[in-house]
Amino acid sequence: MTRLDEVNLLLEKQPSIELLKSHIGFFFECSEEDFIKEYEDNLESLKELILEFKTWINEKLKENDYISILGI
């Protein structure tokens with residue numbers, strides 16, 4: 001199981017923001033505040049983002065031996 005899978009499982013349980021922050025970070029304080037304002041919707045959006053990212057990674061690994069991701 002990958003780290004992304006672990007986070008996605010956590011998101012399914014609708015964790016508290018404190019628990020979520022032990023798995024993901026917010027670079028800016030305002031980002032965290034904005035995430036909290038629409039917490040349930042943003043949990044769903046984050047789950048979708050993780051799924052799309054994993055799909056992209058798996059597709060790219062069919063064509064490449066490795067992937068370098070810069071700026072995350």
Side-chain angles (χ1 to χ4, degrees):
M1 178 178 291
T2 68
R3 173 105 173 156
L4 289 174
D5 292 326
E6 292 173 7
V7 172
N8 224 14
L9 285 175
L10 176 68
L11 294 173
E12 291 290 333
K13 299 174 184 174
Q14 295 192 331
S16 66
I17 187 65
E18 291 80 18
L19 180 57
L20 183 60
K21 284 172 48 179
S22 69
H23 294 274
I24 65 168
F26 293 94
F27 195 74
F28 300 106
E29 187 176 327
C30 62
S31 300
E32 180 180 347
E33 292 168 356
D34 289 343
F35 192 91
I36 292 169
K37 286 179 187 174
E38 300 291 333
Y39 191 68
E40 289 181 18
D41 290 338
N42 286 325
L43 286 179
E44 289 300 316
S45 295
L46 185 53
K47 286 192 295 190
E48 290 175 24
L49 174 70
I50 289 171
L51 178 61
E52 290 172 7
F53 189 49
K54 284 184 59 181
T55 300
W56 179 84
I57 289 169
N58 289 329
E59 287 297 316
K60 293 300 171 188
L61 286 175
K62 291 177 185 176
E63 305 164 5
N64 303 286
D65 294 330
Y66 61 91
I67 302 169
S68 295
I69 301 173
L70 306 174
I72 291 182

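- Met1 is listed as a side-chain neighbour of Leu9, based on a closest heavy-atom distance under 4.5 Å.
- Side-chain contact between Glu6 and Leu10: absent, with no pair of heavy atoms (C-beta onward) separated by less than 4.5 Å.
- A salt bridge links Glu44 to Lys47: one of the charged nitrogens lies within less than 4.0 Å of a carboxylate oxygen.
- A donor atom on one side chain and an acceptor atom on the other are not found under 3.5 Å apart for Asp34 and Ser31.
- In this pair, Tyr39 and Phe35 present their aromatic rings perpendicular. The plane angle is above 60°, beyond the 30 to 60° band.
- Taking each heavy atom of His23 and Arg3 in turn, the nearest pair found is O-NH2, 2.9 Å.
- Linking ILVMFWY side-chain heavy atoms closer than 4.5 Å, directly or via other members, places Leu61 and Leu51 in two distinct hydrophobic clusters.
- No side-chain heavy atom of Asn8 sits less than 4.5 Å from a side-chain heavy atom of Leu4.
- Distance check, rounded to the nearest 0.5 Å: CD1 of Ile17 to CG of Leu43 gives 7.5 Å.
- Here the side chains of Phe26 and Ile36 are not in contact, with every heavy-atom distance at 4.5 Å or above.
- Criterion: ILVMFWY side-chain heavy atoms under 4.5 Å apart, direct or through other members. Under it, Leu49 and Ile67 are part of a common hydrophobic cluster.
- Atom-to-atom distance recorded for Leu19:CG and Ile24:CD1 is 10.5 Å, nearest 0.5 angstrom.
- One finds the NZ atom of Lys54 at 3.0 Å from the CG atom of Asp5 (value rounded to the nearest 0.5 Å).
- Note that CD1 of Ile57 is 11.5 Å distant from CD of Glu59, once rounded to the nearest 0.5 Å.
- The number of heavy atoms from other shown groups lying within 6.0 Å of CD (Glu63) is above 12.
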